[in-house]
Amino acid sequence: MQNEEIAWIFHELADLLELKGEEYFKIRAYRNASRILAGLDEPVKDAWKGGRLNKIPGIGKNIAAKINELLTTGNLKKYQELLEEFPPGLLAIITLPGLGPKKAGMIREKLGITSLEELAAAAREKRLRNLPGLGVRTEDEILRNIELRQSQAGRALLDLARNIAAELKGYLELLPGVARVEAGGSLRRWKETVGDIDLVVASDDPNTVIDSLAGHYRISHILEKGYDGAKFQTKWGIAVELEIVPEEVFTLALFRNTGSHAHFEKLQGLFEKKENSAAAALLGRNRGEMAEQDIYAMLDLQYIPPELREDRGEVEAALEKRLPDLVKLEAIKGDLHVHSTWSDGVADIEQLAGRAKAKGYQYMAVTDHSRSLHIARGLSLDKLHEQHEVIRELNKKQEDFRILTGIEVDILPKGELDCPDEVLKEIDVVVASVHSAFKQDRETMTARLLSAMENRNVDIIGHPTGRLLNQREGYALDLERVLEAAAGYGTILEINASPNRLDLSDVNARRAKEKGIKLAINTDAHDLKRLDEMPYGVAVGRRAWLEEEDVVNTMPAGKLLKYLRRR
DNA sequence: GCCGTTTTCGGCCCGACTGTTTTCAGTCG
């Protein structure tokens with residue numbers, strides 16, 4: 001059982017206890033444990049074997065005992081009992097924005113509703129609006145959110161899909177007769193969510209491959225089976241589709257499998273114009289040596305990296321040899337948005353810096369929350385000052401790495417910042433973000449962000465649209481005006497690399513670039529593990545056609561600091 | 001539930017917004 005799975009059980013346990021009406025602090029302890037386990041830097045199993053479980057801060061006697069039960073028996077009695085008491089549908093209902101345990105419980109009691117489907121039906125039949133505490137607006141909101149959820153059904157976040165894909169790839173590669181395995185489809189294009197995991201396998205024995213994968217512990221059952229492929233359902237909901245081909249056509253199959261459809265069709269058009277000469281050349285080659293580059297070369301195109309294959313002008317650009325030189329992970333020299341134990345992170349500054357350094361970074365900004373964000377233990381001005389003193393001391397001990405002072409300052413509902421200018425002025429990296437009053441109307445929210453950008457102390461706008469993938473839409477915002485303002489003021493916009501945000505999105509980041517706005521690709525990590533999520537942000541940057549010069553944290557430390565102080 | 005230069009119980013902990021109300025409970029970050 002992996003860390004994420006154990007963490008997920010405690011997460012659900014917390015929700016279940018909330019439905020049961022348990023005491024707030026007990027629920028919080030489970031939530032906290034879930035977060036800690038998900039962010040733990042070693043397999044929980046190793047800590048368990050080594051008897052170190054209750055050495056982990058936040059894991060006490062009781063939760064350690066439950067982890068022990070999980071790892072010993074594969075099950076948790078308390079969890080199972082609660083699941084029987086509260087149907088899984090109720091858990092889905094309380095994840096809807098605006099609905100919590102109290103309202104879900106009331107709706108269940110009054111109408112016997114225990115699933116999203118039943119809730120949607122009741123909303124359509126206008127049966128919710130007369131319940132105590134609910135009205136027409138809530139009813140509309142509920143229906144809208146359920147429909148939004150259903151429209152995304154089956155699409156997994158990229159990190160989950162990539163993790164499962166990597167595991168299955170490793171497994172398949174060990175099978176006899178399997179020469180190569182690669183993930184294709186939207187996963188290879190690094191799209192923010194993935195419908196199913198496409199794996200292309202080079203093997204002359206499809207049956208063995210299919211039967212072997214069917215027995216993998218991640219797979220719950222087989223959905224379709226053909227001669228040269230099969231589709232499976234995983235236990236995590238997302239489907240896996242296998243395409244099994246002879247080794248000599250592997251590259252071609254992977255190329256076609258990667259898509260997108262629109263990109264592929266456009267290339268097909270080019271092939272047809274070539275009157276089969278290219279296709280003939282393709283078939284005439286020694287196929288074993290063929291690389292994807294050759295396919296593009298045959299069409300007189302520059303090589304188009306998978307991230308660009310969306311038919312958003314990349315084929316035209318490749319024809320004219322003007323594809324961008326896309327930013328690479330190796331170009332990233334630091335992370336400018338990281339949380340420590342001073343606010344709501346679970347790793348301390350030295351641990352974070354150590355990990356950042358190990359990645360080859362030159363710098364990292366510690367940007368803990370500002371005073372008004374109580375739930376995240378936002379820092380008082382005194383604490384902030386103290387933290388910056390600590391950082392200055394830590395910097396004295398090292399020469400080849402620099403910890404930058406920072407803050408993630410709240411943009412308060414009326415647009416003012418949650419920290420006085422004279423304090424902000426002294427801070428290396430000021431990230432300003434919205435964490436409250438998400439339901440403001442478009443005009444108010446736009447003015448709020450504009451007001452923050454106007455402040456010359458603000459360097460970066462954090463997760464600019466506030467969206468959470470598969471959970472909630474961004475706040476109402478006139479993004480065009482925000483982009484205009486960012487371009488005018490010289491404000492940097494963030495690409496938040498967290499796989500559940502990826503905010504700005506690829507499309508919006510590309511618009512930002514077109515307006516001459518600089519971007520920062522940051523992890524917003526709250527633990528050591530999440531510092532590793534930078535590749536997801538870089539992928540968004542690549543999908544946005546960004547080059548190294550568009551991304552401020554590709555600059556060396558000295559140049560960056562100068563750049564930040566220019567306003 | 002966890003934690004403890006507070007040693008075994010008591011503290012942890014929060015204000016703002018929302019939609020429903022007409023004074024507030026529930027939700028949220």
Side-chain angles (χ1 to χ4, degrees), chain A residues 9-37 53-67 69 76 78-79 82 93-109 128-142 144-145 339 341 343-346 368-380 408-416 418 433-441 444-445 448 462-463 466-468 471-476 498 500-501 524 526:
Chain A
I9 288 172
F10 283 107
H11 171 83
E12 291 216 315
L13 207 45
D15 282 354
L16 289 162
L17 291 172
E18 204 166 25
L19 278 168
K20 203 173 168 60
E22 268 288 358
E23 188 206 349
Y24 167 74
F25 292 103
K26 186 189 272 194
I27 296 163
R28 199 183 62 167
Y30 279 106
R31 288 243 155 81
N32 193 34
S34 168
R35 219 166 65 96
I36 289 163
L37 295 173
L53 273 184
N54 43 23
K55 295 270 190 302
I56 303 170
I59 308 294
K61 212 175 74 187
N62 285 296
I63 290 182
K66 289 191 171 62
I67 295 172
E69 186 186 336
L76 188 57
K78 180 165 180 169
Y79 177 56
L82 284 166
I93 287 174
I94 62 169
T95 64
L96 286 172
L99 282 188
K102 294 278 164 50
K103 282 185 182 160
M106 186 270 295
I107 293 170
R108 179 194 195 181
E109 193 190 321
L128 298 179
R129 56 181 62 184
N130 295 322
L131 295 177
L134 270 60
V136 179
R137 292 171 83 159
T138 311
E139 191 177 71
D140 288 348
E141 186 74 357
I142 287 172
R144 205 176 62 82
N145 279 308
H339 296 272
T341 44
S343 68
D344 60 346
V346 299
D368 277 311
H369 290 288
S370 59
R371 56 190 173 185
S372 290
L373 204 61
H374 297 284
I375 190 79
R377 303 213 319 261
L379 270 59
S380 67
E408 182 178 18
V409 60
D410 261 50
I411 306 172
L412 298 170
K414 292 195 172 109
E416 71 275 35
D418 187 29
S433 311
V434 168
H435 291 116
S436 59
F438 289 91
K439 289 192 172 176
Q440 287 180 332
D441 63 63
T444 311
M445 188 60 91
R448 182 176 173 187
H463 42 74
R467 73 161 177 184
L468 291 177
Q471 280 178 58
R472 93 178 167 219
E473 294 175 297
Y475 24 76
S498 178
N500 71 338
R501 288 194 184 270
D524 196 0
H526 286 67

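Note: hydrogens, waters and symmetry copies are ignored here, and every other heavy atom, side chains too, is used. Just so we're on the same page: letters track the sequence lines, and every chain starts at 1.
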Seminar exercise, completed: Re dA16(B): Watson-Crick or G-U wobble partner, both distances kept under 3.5 Å, found to be dT27(B)

Problem set entry | Atom-to-atom span, CG of Leu96(A) to P of dG19(B) - whole angstrom | 16 Å

For this session: Specify the separation, in whole Å, of atom CD1 of Ile27(A) and atom P of dC2(B).
Result: 14 Å

Exercise. Quick check: does any side chain N or O of Arg467(A) sit under 3.5 Å from a backbone N or O of Arg501(A), one acting as donor and the other as acceptor?
Worked result: yes

For this session: Measure the distance from CD1 on Ile94(A) to C1' on dT27(B) and round it to the nearest whole Å.
Result: 12 Å

Exercise. Are the side chain of Arg472(A) and the backbone N or O of Gly466(A) linked by a donor-acceptor pair below 3.5 Å?
Worked result: yes

Exercise. In terms of side-chain geometry, is the basic nitrogen of Asp15(A) or Arg31(A) positioned less than 4.0 Å from the acidic oxygen of its partner?
Worked result: yes

Problem set entry | Atom pair distance, as rounded to whole Å: CG in Leu412(A) and C1' in dC28(B) | 16 Å

For this session: Say whether, by atom type as modelled, one donor and one acceptor occur between the side chain of Gln440(A) and the main chain of Pro413(A) under 3.5 angstrom.
Result: yes

Problem set entry | Nucleotide dC13(B), atom P - distance to NZ of Lys26(A) in whole Å | 19 Å

Problem set entry | Heavy-atom donor-acceptor pair, Asn54(A) side chain to Lys61(A) backbone, under 3.5 Å | no

Exercise. If you look at every strand shown and take non-hydrogen atoms under 4.0 Å, does Val434(A) touch a base, only sugar-phosphate, or nothing?
Worked result: nothing

Problem set entry | Rounded interatomic separation in angstrom, taking CE from Met445(A) and C1' from dC17(B) | 12 Å

Exercise. Would you say dG1(B) has OP1 or OP2 under 4.0 Å from some side-chain N or O of Lys78(A)?
Worked result: yes

Problem set entry | Side chain of Phe25(A) - closest among dG1(B), dG29(B), dG15(B) | dG1(B)

Exercise. Between atom CD in Glu23(A) and atom P in dC2(B), what is the gap in whole Å?
Worked result: 12 Å

For this session: Consider the side chain of Ala29(A), meaning its heavy atoms from C-beta on, and name the nucleotide among dG15(B), dG29(B), dC2(B) that approaches it most closely.
Result: dC2(B)

Exercise. Between dT20(B), dG15(B), dC12(B), which nucleotide has the shortest distance from any of its atoms to the side chain of Arg137(A)?
Worked result: dT20(B)

Within the sub-3.5 Å range, which N or O atoms of nucleotides 6-11 of chain B have a protein N or O partner, and how far apart are they?
none

Exercise. Does a salt bridge link Arg144(A) with Glu141(A), judged by any charged N lying under 4.0 Å from a carboxylate O?
Worked result: yes

Problem set entry | Arg28(A) CZ - dC28(B) C1' separation (whole Å) | 16 Å

Exercise. Is the His463(A) ring parallel, tilted or perpendicular to the His435(A) ring (thresholds 30°, 60°)?
Worked result: perpendicular

Exercise. Between dG1(B), dG15(B), dG19(B), which nucleotide gets closest to the side-chain atoms of Thr138(A)?
Worked result: dG19(B)

Problem set entry | Check: Glu139(A) side chain, Arg129(A) main-chain N or O, donor-acceptor pair, under 3.5 Å | yes

Problem set entry | Under 4.0 angstrom between Asn62(A) side-chain N/O and dC2(B) OP1 or OP2 | yes

Problem set entry | Lys103(A) side-chain proximity, nearest of dC17(B), dG29(B), dT27(B) | dT27(B)

Exercise. Among the nucleotides dG26(B), dT18(B), dC17(B), which one has an atom lying closest to any side-chain atom of Lys439(A)?
Worked result: dT18(B)

Seminar exercise, completed: 5'-most contact on DNA chain B (nearest-nucleotide basis), Arg129(A) vs Pro413(A), goes to Pro413(A)

Exercise. Just wondering, do Phe438(A) and dC28(B) stack (centres under 5.5 Å, planes under 30°)?
Worked result: no

Problem set entry | Whichever of Leu373(A) and Arg377(A) has its nearest DNA chain B nucleotide further upstream toward 5' | Arg377(A)

Problem set entry | C1' gap between dG11(B) and dC17(B), integer Å | 28 Å

